[in-house]
Amino acid sequence: MRAPRKKPTRKIAPDIAARLGHRFSLQMQPDGNIAAFLGDYSVNLGQFSAAAMDRARHLSTGLPLASFAGKSVVAREIDALVHRLARQGLLEYRLSSSHNTQGFVVIEPQVPDYWPRRAKLGSRDTVVLSRFAYLRRRGNEMVLESPRAGALFRIGDPAIAATLAALSQPRKIGKLNQKIASSTVPLLELLLDSQILLKLGAKDGEGLRVNEGDGNLVLWDFHDLVFHTRSTEGRQANPVGAAFTYAGVVPPSPAVRPPWAGSKIDLRKLSWPEPNSHFPKLLRERHSTRDFDDKNPVTLGELAQFLDTTARVVSEWKSGPYFEGGPEVPYSTRPYPSAGSAYELELYLTVANCDGLAPGLYHYDAGSHALVAISASPQQLQAQLAAAQFAMDAPAQPQILITIAARFGRVSWKYSSIAYSLILKDVGSLIQTLYLAATDMGLGGCAIGSTNIDLFAKMTELELHIEGPVGQFALGRGRTPEVQG
C-alpha cells in the first residue's frame, strides 16, 4: 500500500503593518490638520485630505506598509503621515502571518528614524545572534533587544524564542526548522538589519567576539554597552528623568539615614569653629546655578582660566610594558583624579553666549590648551541647548554647555567588567572639580543628569561606541537676585 503523499508546505508571507502605539488616537481638526492625541497631550501632524484621514483610521489596528507604497495621491499622503508619526515616536510595527493575524512579533522603535527594513537572507547564509542581544521578560511579555539596535522586538510566539535560542551558535538558514522557517526568515532579515543578528562569511569563523563590528566594539563588555545606551537618551524609548514612577508604590526614602543603634561619639565639639583654610568655605558655597545673566556672559578669558584650572594636561609620561611583549602605555596627568590614570574624558563645549567666542561647538584640546571648532548645524546646537534647559528645569538656556565624552576604549583596553563603572566615577570627580572652580571664580554651574548620545554622534560624526557623552555641565554667570525695595 502506497504511503499517503505529504501535503506541500504552503509558504506563509508575513505582513508588516504600522499602527499607533501608546494608546494614541488620530483626529482631524476643523482646519484639515491631523493631530495625534493621548489625553491632554497632542502632536500636530499637518494638513491632509479627508480620504487620507479615512484611510489613516486603520492605523489604530494596523495599516500594512505595502498598502501605501503606491504612487497615488492618497498613498503619498499616508506615506508622509506615517513617517511623521514615526519621527515623533508614535508608531510600532506588527509582523504577522496568515496563521497568526494578531501579530507574532511587534516591533517597538527605540530611535525616531527607525523604519523596518529587511536585509536579504538566502538558504546558504550563516547567521548568529549578536553577543549584545538579550531576551528578557518585561511585564507579561518577552522582548528581544540589543543596545546596537534601533528597535526592540516583542516576541509573541514561543516557537520564535526556540529558533532564537538555536541561533546562539552559527546556523545556515537552510538548516532551520522548515515548519517555521517560512514565517521566521522575514523576522531574521529584520533582526539582521537591526544588528541583533550577524551574517558570517566563509572566513569569519564561528562568530567570535572579533567578528562583530570594529576594533572599538571588541573592547566593550555586554553589560557596559547596555548600561550606556539604556541610561542615556537617544537610543531608547523608555521614560528618562524625574518620572516619579514608584511614587504611588513606596514612600520616598528619608533625606538623612536613621542612625544606627549603639553608643555615639559627638564630633561637633571637636570641629574647628573657624577653619584655617579657604577650602571648607568653598565646599559649602558650592551649589547648582540654573539662571544665568545673558546681559553679562562669561568671557573667553574666564573660560580659558576655568579650563586651565580644571582639565588642562599638566604632564605626559609613559609606563613600561605591563606584561612580556606588551607595548608601552602613554599617560597624562590632569587636575582631577582618574581611574588608572586613563584620563579618558574629553570636553565638548556648546557655546550659546560667551563674550569673545562665537556661538558653536568646540572641542577642548587639553594637551594644547586650545579650543577647536567643530561643524554642527544651528538646529543641532539648538536641540542640544534646549534639552539642557529642559533637564535643568531652567528659565533659559545655559551660556555654555559642557558635554563630557569618554573615549571608552582608553579604559576598557585595560579593565574588564568594571570599565564603564570606572568611567562614571571619573565623571563624578570631574564634575565636582568643575563645580569648585566655578564657585571659586564667582561663576555658576549645574550638573545635568541626562545626555542624548544619538544627537552627539550626529553632531560630531563619532560612532557612539567609540567616543560618546557620559555627563554634562552648564556654565555661565549666575543672575544676581534683584533687591526688593
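Sequential numbering from 1 along the given sequence is applied to the chain's residues.
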Donor-acceptor contact below 3.5 Å, side chain [X] vs main chain [Y]:
X: R94; Y: A17; result: no
X: D125; Y: G122; result: yes
X: R137; Y: G139; result: yes
X: R235; Y: V111; result: no
X: R334; Y: V314; result: no
X: T163; Y: A159; result: yes
X: K172; Y: R124; result: yes
X: S368; Y: D365; result: no
X: Q432; Y: S429; result: no
X: E189; Y: L121; result: yes

Tell me every residue that passes salt bridge (charged side-chain N to carboxylate O under 4.0 Å, His left out) with [X], counting only those two or more places apart in sequence or in another chain.
X: R230; answer: E145
X: D224; answer: none
X: E346; answer: R407

Measure the shortest side-chain to side-chain distance between [X] and [Y] over non-hydrogen atoms and say whether it is less than 4.5 angstrom.
X: I448; Y: L401; result: yes
X: L187; Y: V105; result: yes
X: F68; Y: L63; result: yes
X: I400; Y: T350; result: no
X: F153; Y: L191; result: yes
X: M459; Y: L361; result: yes
X: L192; Y: L198; result: no
X: Y134; Y: L144; result: no

Where [X] and [Y] come nearest, the two heavy atoms and their spacing:
X: A80; Y: F48; answer: CB-CE2, 4.4 Å
X: S231; Y: Q236; answer: N-NE2, 4.3 Å
X: L385; Y: A352; answer: CD1-CB, 3.6 Å
X: V427; Y: G471; answer: CG1-CA, 4.4 Å
X: A18; Y: L59; answer: O-CD2, 3.5 Å

*What pairs of residues pass the salt bridge (charged side-chain N to carboxylate O under 4.0 Å, His left out) test when at least one of them lies in residues 51-70, not counting sequence neighbours?*
none

Does [X] have more than 12 heavy atoms from other residues, nucleotides or ligands lying within 6.0 Å of its [atom1]?
X: D393; atom1: CG; answer: no
X: R23; atom1: CZ; answer: no
X: Y322; atom1: OH; answer: yes
X: F390; atom1: CZ; answer: no

My understanding is that only residues two or more places apart in sequence, or in another chain, count here; which of them pass side chain to side chain donor-acceptor pair (under 3.5 Å) with [X]?
X: K458; answer: D454
X: S130; answer: E212
X: E108; answer: R138, R154

*Residue pairs, two or more places apart or on separate chains, that pass ring pair (Phe, Tyr, Trp, His ring centres under 6.0 Å) and touch residues 75-94*: H83-W115, Y93-W115

*asked:* By the ring pair (Phe, Tyr, Trp, His ring centres under 6.0 Å) test, which pairs, at least two apart or in different chains, include something from residues 398-420?
replied: W220-F408, F227-Y420, H228-F408, H228-Y420

Could you pull out all residues at least two apart from [X] that satisfy ring pair (Phe, Tyr, Trp, His ring centres under 6.0 Å)?
X: H369; value: Y364
X: Y336; value: Y343
X: F473; value: Y435

_T333 and S315: CA distance, side-chain angles, deciding distance, side-chain hydrogen bond (donor to acceptor under 3.5 Å, both in side chains) verdict_ = CA-CA 5 Å; T333 303; S315 63; 3.3 Å; yes

*Report the relative orientation of the aromatic rings in Y331 and W317; use parallel for angles under 30°, tilted for 30 to 60°, perpendicular for over 60°.*
parallel

Ignoring hydrogens and geometry beyond distance, is a side-chain donor-acceptor pair present between [X] and [Y] at under 3.5 Å?
X: T451; Y: E233; value: no
X: D15; Y: S96; value: no
X: S332; Y: E316; value: no
X: S421; Y: K425; value: yes

*Hey, are R410 and E344 close enough for a salt bridge, meaning a charged N less than 4.0 Å from a carboxylate O?*
no

*Step-by-step side-chain hydrogen bond (donor to acceptor under 3.5 Å, both in side chains) determination, Y348 to E467*: CA-CA 11 Å; Y348 290 83; E467 186 174 333; 2.4 Å; yes

*Check the pair Q195, S146 against side-chain hydrogen bond (donor to acceptor under 3.5 Å, both in side chains), reporting the backbone distance first and the verdict last.*
CA-CA 8 Å; Q195 302 181 93; S146 164; over 6 Å; no

*If you round to the nearest 0.5 Å, how far is CD1 of I173 from OG of S123?*
9.0 Å

